[in-house]
Every structure is written in structure tokens, then in C-alpha cells.
Amino acid sequence: MKCLVINLDRSTDRLAHVTAEFERAGMTFERVAAVDALARPDLASMPVGKRPVSRTQLTDGEIACLLSHRICWSAIAAGDDAYVAVFEDDVVLSEKTGPLLADRRWIPADADIVKLETFFHRTVVGLNKVAAGHGFSARKLYDVHIGSAGYIVSKKAAGALLEATREIRFPVDHVLFNPELETSSGKVVYQLWPALCAQEQFLGRERVRFPSLLKQDRQEQLALREVRQKPKASVYDKVRREIRRLSLQIADLCRLRQWMIVPFEHRGERVRRPHTQRRENAL
């Protein structure tokens, strides 16, 4: 399967990292030069929407990230490959990545997108499994599961994503993996189980070599925004919230769906939640 890797021209350390990851997996990739927000002062004046979670304006970095993925989608839509894998340059790959992506016949026939990554957040997946070989399976994804560091997209879906993002309204991971948005309407999205990759910053290592390039922008924006503290929830509100949560879980089970954290297959082990996730990482 053809693999595209998004990389900034100035991020030579990240290019060296992802090159080593692909070599270790016995794979090759095509580099896609990312849109650099520092070289695009015009991004600040572009009409954009607000982030779904915090309702804050998209940062220049998030706009550039979406534009970078659009470059990939444009190439895929114009190309001959039925499916292409797209990665970001801070990704850590499972040792089984090469064997799994050597053959695309395991991809479900109705799949528009297959998410290869985990963000170690709870999400809703189908209980029915489609065997993918090498200890992996594909399950339908029914809830938000952010992160755009690794996914497979069909030629048809790439064209639809291009059309849906002519107007910049949401971050790329929500465009891809938030079923509540119209950008995901009608698309069939699967989650690989366990995940084939994760971002390096989430693997619980003492020293993070490649921190998120978007996180600082988001934190600065939140710091400038007046945040009102919510009143402390009453016992009644807590009980009502818990009843609602249990009701949703029961309803999902009846529909053969389940809330779970997608683990990561790495170095022969399944990593389930190796880090403490702060709120701003999910924005």
C-alpha cells in the first residue's frame, strides 16, 4: 500500500525519526511537504470556524495541518490507488505495520476510512470484527476518536473530503473522526484493533522528543480567552449524569457497540493507556 508522510521542511529531526520507523517496519513512504504556518502569514486572515470541543477559533497551526492533509487527499483523489495510508511524522509504528499494509485485501469492502491510530481516549466501536490478519481486526467507529497521525483513506473518500473542506471549519482530526459533523456524513469509518500506531508524545516516555506542534498554540489561545468557572455540580446532577452514562452504555450494547480505549500493539505488547492525558490534548 502506498504510504504518504506529512513533514515540514524545517522538521528534519522528525523526518529522521519517521524514516527510522518505516525502515524498522520494512516499508517505504513518499514525503509530502507540509504547509508551514510560519511561512503563511495569510492564514491569520482566512475565514475559519471554531473548534468543536472548546468553541475557540482554529489556530494557524491547525489550519496549516488541515491544508497539509488536503494536499494528500488531492493526490489520492487524482491517483490510481484504491486506498492510500497517510501518516504524520511523529508517529510510532507497530512492528507489524509492514506485513499488515503489504496487502489491502483485509480492508472492509464498505470502508471509506480506516483509523490506524489510537489517542488512548474512550470511544465507541462495534463489537463485530472484520479479521485483518497478524492479530488485528477492524471494527466500525461510532464516536469521536481524535488524532490524524495514521489512517487509510479510499480514493473516493479523499475526493469527498476535499469537497467537504473547501471551507475551513474544523481541525483535520474532527473532519475525519467526528461522526457528529457533516464532514463525516455518509462515510463508513473503521478502527483498527489494536491500533497500528500512536503519536510519540503519548507513549509515557520520560523525554518526549516530538511534542505536539499544535498544543502550544492551543494553550496560548485558551490563556487569552476568559474562562468562566462552572458551578460545582450538585449530588443530584452527578447522579443524573451517571444514570445517563449507564443508559447510553446499555443502549450501545443493545446495538452491538461498546465504549473502549483502543490499545496499541507495540514491541509485542498491547499498550492501553501509558500516559495521563491532559484536557488540552483533546481540543
Side-chain angles (χ1 to χ4, degrees), residues 1-40 43 59-76 79 81 83-102 114-120 134 146-153 171-173 176 192 194-219 264-269 271 274-275 277 280-281:
M1 188 182 304
K2 179 186 289 186
C3 297
L4 305 179
V5 172
I6 299 170
N7 171 252
L8 286 166
D9 289 341
R10 56 185 165 89
S11 294
T12 54
D13 54 343
R14 290 174 176 250
L15 180 59
H17 158 77
V18 77
T19 299
E21 286 293 311
F22 270 77
E23 288 178 348
R24 183 170 56 84
M27 300 168 57
T28 61
F29 65 86
E30 295 181 16
R31 178 182 175 271
V32 175
V35 175
D36 194 339
L38 297 182
R40 291 284 302 272
L43 296 182
T59 66
D60 290 357
E62 287 175 315
I63 298 170
C65 185
L66 173 59
L67 294 178
S68 300
H69 282 265
R70 291 189 88 251
I71 293 173
C72 294
W73 301 339
S74 179
I76 296 168
D81 296 275
Y83 291 93
V84 176
V86 179
F87 295 94
E88 294 176 353
D89 58 8
D90 60 346
V91 71
V92 174
L93 301 174
S94 165
E95 292 77 6
K96 298 180 181 179
T97 302
L100 187 71
L101 297 188
V114 180
K115 185 175 177 66
L116 303 176
E117 176 193 14
T118 179
F119 217 65
F120 299 104
H134 307 283
I146 57 177
S148 54
Y151 60 92
I152 295 170
V153 62
V172 63
D173 46 1
L176 290 164
L192 193 67
L196 200 66
C197 60
Q199 291 182 1
E200 188 263 354
Q201 61 173 319
F202 296 147
L203 294 183
R205 296 170 176 172
E206 292 184 4
R207 178 175 175 268
V208 178
R209 293 178 298 164
F210 307 114
S212 171
L213 296 177
L214 302 180
K215 180 178 175 181
Q216 183 177 355
D217 289 343
R218 293 168 175 173
Q219 288 176 326
F264 173 41
E265 181 80 10
H266 186 51
R267 295 180 179 174
E269 298 181 358
V271 182
H275 72 299
Q277 183 66 52
E280 60 264 26
N281 287 336

Q: Within the side chain of R14, is there an N or O that forms a donor-acceptor pair under 3.5 Å with the backbone of N7?
A: no

Q: For H69 and V86, work out which heavy atoms get closest and say how close.
A: ND1-CG1, 4.1 Å

Q: Enter the distance from S68:OG to I6:CD1 here, rounded to the nearest 0.5 Å.
A: 5.5 Å

Q: A side-chain contact here means heavy atoms from C-beta on lying under 4.5 Å apart; do R31 and V5 qualify?
A: no

Q: Excluding sequence neighbours, so at least two apart, what forms side-chain contact (heavy atoms from CB on, under 4.5 Å) with E95?
A: R24, H266, R267

Q: List in chain and number order the residues that pass side-chain contact (heavy atoms from CB on, under 4.5 Å) with A85, two or more places apart in sequence or in another chain; answer none if no residue qualifies.
A: M1, C3, F87, L101, I152

Q: Answer yes or no: is there a donor N or O on one side and an acceptor on the other, between the side chain of T118 and the main chain of F264, under 3.5 Å?
A: no

Q: Considering all heavy atoms of both residues, which atom of D9 and which atom of T12 are nearest to each other, and what is their separation?
A: O-CG2, 3.9 Å

Q: Are S11 and D13 close enough, and set up right, to give a side-chain contact (heavy atoms from CB on, under 4.5 Å), and what steps lead you there?
A: CA-CA 5 Å; S11 294; D13 54 343; 4.2 Å; yes

Q: When you measure from the side chain of K96 to the backbone N and O of H134, does any donor-acceptor pair fall under 3.5 Å?
A: yes

Q: How close do A37 and L43 get, heavy atom to heavy atom, and via which atoms?
A: CA-CD1, 3.9 Å

Q: Looking at E21 and L93, would you say the former's side chain and the latter's main chain have a donor-acceptor pair under 3.5 Å?
A: yes

Q: Kindly give the heavy-atom pair with the smallest separation between D89 and H17, and that separation in Å.
A: O-CD2, 3.2 Å

Q: Which heavy atom in A25 sits nearest to a heavy atom in S94, and how many Å separate them?
A: CB-O, 4.5 Å

Q: For E117, give me all partners under salt bridge (Lys or Arg N to Asp or Glu O under 4.0 Å), at least two apart in sequence or on another chain.
A: K115

Q: Name all residues meeting the side-chain contact (heavy atoms from CB on, under 4.5 Å) criterion together with A39; count only those two or more places apart in sequence or in a different chain, and write none if there are none.
A: D36

Q: Measure the spacing between NZ of K2 and OG1 of T28 and express it to the nearest 0.5 Å.
A: 10.5 Å

Q: Determine, step by step, whether F119 and D173 satisfy the side-chain contact (heavy atoms from CB on, under 4.5 Å) criterion, reporting the C-alpha distance in whole Å, the side-chain angles of both residues, the deciding distance to 0.1 Å, and the verdict.
A: CA-CA 11 Å; F119 217 65; D173 46 1; 5.7 Å; no

Q: With sequence neighbours left out, write down each residue that passes side chain to side chain donor-acceptor pair (under 3.5 Å) with T97, or none if nothing qualifies.
A: none

Q: Quick check for you: to the nearest 0.5 Å, what is the distance between I76 atom CD1 and S74 atom OG?
A: 9.5 Å

Q: To the closest 0.5 Å, what do you measure between CD (E200) and CG (D90)?
A: 7.5 Å

Q: List the residues meeting side chain to side chain donor-acceptor pair (under 3.5 Å) with R40, not counting sequence neighbours, and say none if there are none.
A: D42

Q: Give the minimum heavy-atom separation between F29 and L15, together with the two atoms involved.
A: CZ-CD1, 4.1 Å

